Amino acid sequence: MLGQHPDLYGFPELVLFTGETLEETLRAQPNEAREVYDFHHAGLKRAVAELEFGSQSDATIRLAQEWIDERATRTGAEIFDSLLNRIAPRRGVEKSPDTARDLHSLIRVARHYPRARFIHLTRSPDTAIRSIARHLGRMYMAGRENAHTALAASTWASMHENICAFQSVLPATALLRLRGEDLLSSPRPHCVELARWLGLRADDDAIDGMLHPENSVYANLGPKSARGGNDWLFLSDPTLHRLSTDPSQVIQFDSWLLPGELRERVSLLATHFGYL
């Protein structure tokens, strides 16, 4: 949605800041299946193909891979700067979830981009944890989604704890927290709020653009040689889905059967974000 504002450019998930160099960032995780790795890191190849070579096709993806390989020892910031130069004067929007998996990665972003603005988008743990568990089942552990609720809850809690710790070292005006349920139940006024907070125009044309994320050049699964680079469900159906339920829904923790300490961590965050 942000990336469809006329003064912004929404990148796919680039995953550029989880290591100091591109080579370190792109290193496969232990026991990570090749298809999972490829889907996860397709965003950078798609962005390079689009911005450096003019389109996203199997041919330009091959050129993009060569471009990336030639820059393996460069920092993520150097790569991102190259892409930002291509979209200037628009400002870049980058949303790789992996950046929040480690506090050092978040601090790395702020060190390289001291004028950056950060949006902390939250979601009720009741739905977020179930979604993460389904994702784990689809991408890594098919058929065992229910067995990994605790892992999903730990992932959810750790990422939000990292973001909260990160917020404590930022200027007060650098981070805005927004509940996803509020945004999706009333998208237009929240898009106006976001645009104004970012110092952007908030006229009807600009806000109308934000309500159509499906118009992004990355709002699809991508060419055969670079499938992915974003949330699978979004890529499969990228239109805006308004929330029809009450955003102040009550969370039922008992159904999760979480261990005591983990349950307490989730409860504390849910209270802090206004879900309890």
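Model, not experiment: these values are computed from the prediction.
- Donor-acceptor pairing under 3.5 Å is lacking for the side chains of Gln56 and Tyr218.
- Applying the salt bridge (charged side-chain N to carboxylate O under 4.0 Å, His left out) test to Asp102 and every residue at least two apart in sequence or in another chain returns nothing.
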Test side chain to side chain contact (heavy atoms under 4.5 Å, CB included) applied to Cys164 and Arg177, step by step: CA-CA 10 Å; Cys164 290; Arg177 181 176 294 127; 3.9 Å; yes
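- Here the shortest heavy-atom pairing between Leu262 and Ala153 reads CD2-CB, 3.9 Å.
- Side-chain atoms of Arg265 and Ser154, non-hydrogen and from C-beta on, do get closer than 4.5 Å to each other.
- With hydrophobic clusters built from ILVMFWY side chains whose heavy atoms lie under 4.5 angstrom apart, Trp197 does not share a cluster with Leu170.
- Looking at every heavy atom in both residues, Arg227 comes nearest to Ala42 through O-CB, 3.3 Å.
- Residues meeting the salt bridge (charged side-chain N to carboxylate O under 4.0 Å, His left out) test with Arg91, sequence neighbours left out: none.
- Using a cutoff of 4.0 Å between basic side-chain nitrogens and carboxylate oxygens, Asp38 and Arg34 are scored as salt-bridged.
- One distance of note links OG of Ser55 with CZ of Arg46; it measures 11.5 Å at 0.5 Å rounding.
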Output a table of donor-acceptor pairs, distance under 3.5 Å, between side-chain atoms of residues 198-207 and any protein atom two or more places apart or on a different chain; print 'none' if there are none.
{"from": "Arg201", "atom 1": "NE", "to": "Asp203", "atom 2": "OD2", "distance (Å)": "2.6"}
{"from": "Arg201", "atom 1": "NH2", "to": "Asp203", "atom 2": "OD1", "distance (Å)": "3.1"}
{"from": "Arg201", "atom 1": "NH2", "to": "Asp203", "atom 2": "OD2", "distance (Å)": "3.3"}
{"from": "Asp203", "atom 1": "OD1", "to": "Asp205", "atom 2": "N", "distance (Å)": "3.1"}
{"from": "Asp203", "atom 1": "OD1", "to": "Ala206", "atom 2": "N", "distance (Å)": "3.1"}

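- Asp237 is not listed as a side-chain neighbour of Glu214, based on a closest heavy-atom distance of 4.5 Å or more.
- Taking CE of Met1 as the start and NE2 of His190 as the end, the distance is 10.5 Å to the nearest 0.5 Å.
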Side chain to side chain contact (heavy atoms under 4.5 Å, CB included) between Leu268 and Val266, intermediate numbers included: CA-CA 5 Å; Leu268 187 64; Val266 172; over 6 Å; no
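- With sequence neighbours excluded, no residue forms a salt bridge (charged side-chain N to carboxylate O under 4.0 Å, His left out) with Glu23.
- Under a cut-off of 6.0 angstrom, the local environment of CZ in Arg188 is crowded, with over 12 non-hydrogen atoms contributed by other residues, nucleotides or ligands.
- Ion pairing between Arg108 and Glu20 holds under the 4.0 Å rule for side-chain N and carboxylate O.
- Using modelled atom types and a 3.5 Å distance limit, the side chains of Thr173 and Arg117 yield no donor-acceptor pair.
- Taking each heavy atom of Ala270 and Trp156 in turn, the nearest pair found is N-CH2, 4.4 Å.
- Considering only residues two or more places apart in sequence or on other chains, Glu66 meets the side-chain contact (heavy atoms from CB on, under 4.5 Å) condition with Leu63.
- Side-chain atoms of Arg90 and Leu8, non-hydrogen and from C-beta on, never get closer than 4.5 Å to each other.
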Residues Tyr9, Leu51; criterion side chain to side chain contact (heavy atoms under 4.5 Å, CB included); working and verdict: CA-CA 11 Å; Tyr9 186 93; Leu51 294 173; 3.5 Å; yes
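- Distance OG1/Thr99 to CG/Leu16: 8.5 Å, rounded to 0.5 Å.
- Cluster annotation: Leu240 and Leu178 are assigned to the same hydrophobic cluster (Ile/Leu/Val/Met/Phe/Trp/Tyr, side-chain heavy-atom contacts under 4.5 Å, transitive).
- A salt bridge does not link Glu78 to Arg71: none of the charged nitrogens lies less than 4.0 Å from a carboxylate oxygen.
- Among all heavy-atom pairs drawn from Thr21 and Thr73, the shortest one is CG2-O, 3.8 Å.
- Ala133 and Ala152 get closest at one heavy-atom pair: N-CB, 3.6 Å.
- Cluster membership check: Leu26 does not share its hydrophobic cluster with Phe39, using side-chain heavy-atom separations under 4.5 Å among Ile, Leu, Val, Met, Phe, Trp and Tyr.
- Residue Val169 is grouped with residue Phe17 when hydrophobic side chains (ILVMFWY) are merged at heavy-atom distances under 4.5 angstrom, including chains of intermediate members.
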Residue pair Leu44, Ile68: steps toward the side chain to side chain contact (heavy atoms under 4.5 Å, CB included) verdict: CA-CA 9 Å; Leu44 179 58; Ile68 292 167; 3.8 Å; yes
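- Trp67 and Val15 are not part of a single hydrophobic cluster, where members link through side-chain heavy atoms under 4.5 Å apart.
- Between Leu14 atom CG and Ile79 atom CD1 the span is 10.5 Å, to the nearest 0.5 Å.
- For Asp58 and Ser225, the side-chain atoms include at least one donor-acceptor pair closer than 3.5 Å.
- A distance of 10.5 Å separates OG in Ser236 from CG in Asn230, rounded to the nearest 0.5 Å.
- In this structure the side chain of Cys191 reaches within 4.5 angstrom of the side chain of Leu211, judged on heavy atoms.
- Side chain of His5 to main chain of Asp7: a donor-acceptor pair is present (N/O by atom type, distance under 3.5 Å, no hydrogens or angles).
- Under the 3.5 Å distance criterion, with hydrogens and angles disregarded, a donor-acceptor pair is assigned to the side chains of Thr60 and Ser57.
- Residues Leu103 and Asn162 approach most closely at CD1-O, 3.5 Å, considering heavy atoms.
- Looking at Ser124, its side chain does come within 3.5 Å of a backbone N or O of Asp126 through a donor-acceptor pair.
- Taking 4.5 Å as the limit, some side-chain heavy atom of Arg263 sits within range of a side-chain heavy atom of Ser267.
- Under 4.0 Å is where a charged nitrogen must lie from a carboxylate oxygen, and between Glu13 and Lys95 at least one such pair does.
- A donor atom on one side chain and an acceptor atom on the other are not found under 3.5 Å apart for Ser82 and Arg86.
- Within the structure, ring-ring contact (aromatic ring centres under 6.0 Å, His included) contacts touching residues 108-127 (residues at least two apart or in different chains) are Phe80-Tyr113, Phe118-Phe166, His120-His160, His120-Phe273.
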Evaluation steps, side chain to side chain donor-acceptor pair (under 3.5 Å), between Arg123 and Thr127: CA-CA 7 Å; Arg123 180 182 180 184; Thr127 55; 3.1 Å; yes
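- One distance of note links OG1 of Thr122 with CD1 of Ile163; it measures 9.5 Å at 0.5 Å rounding.
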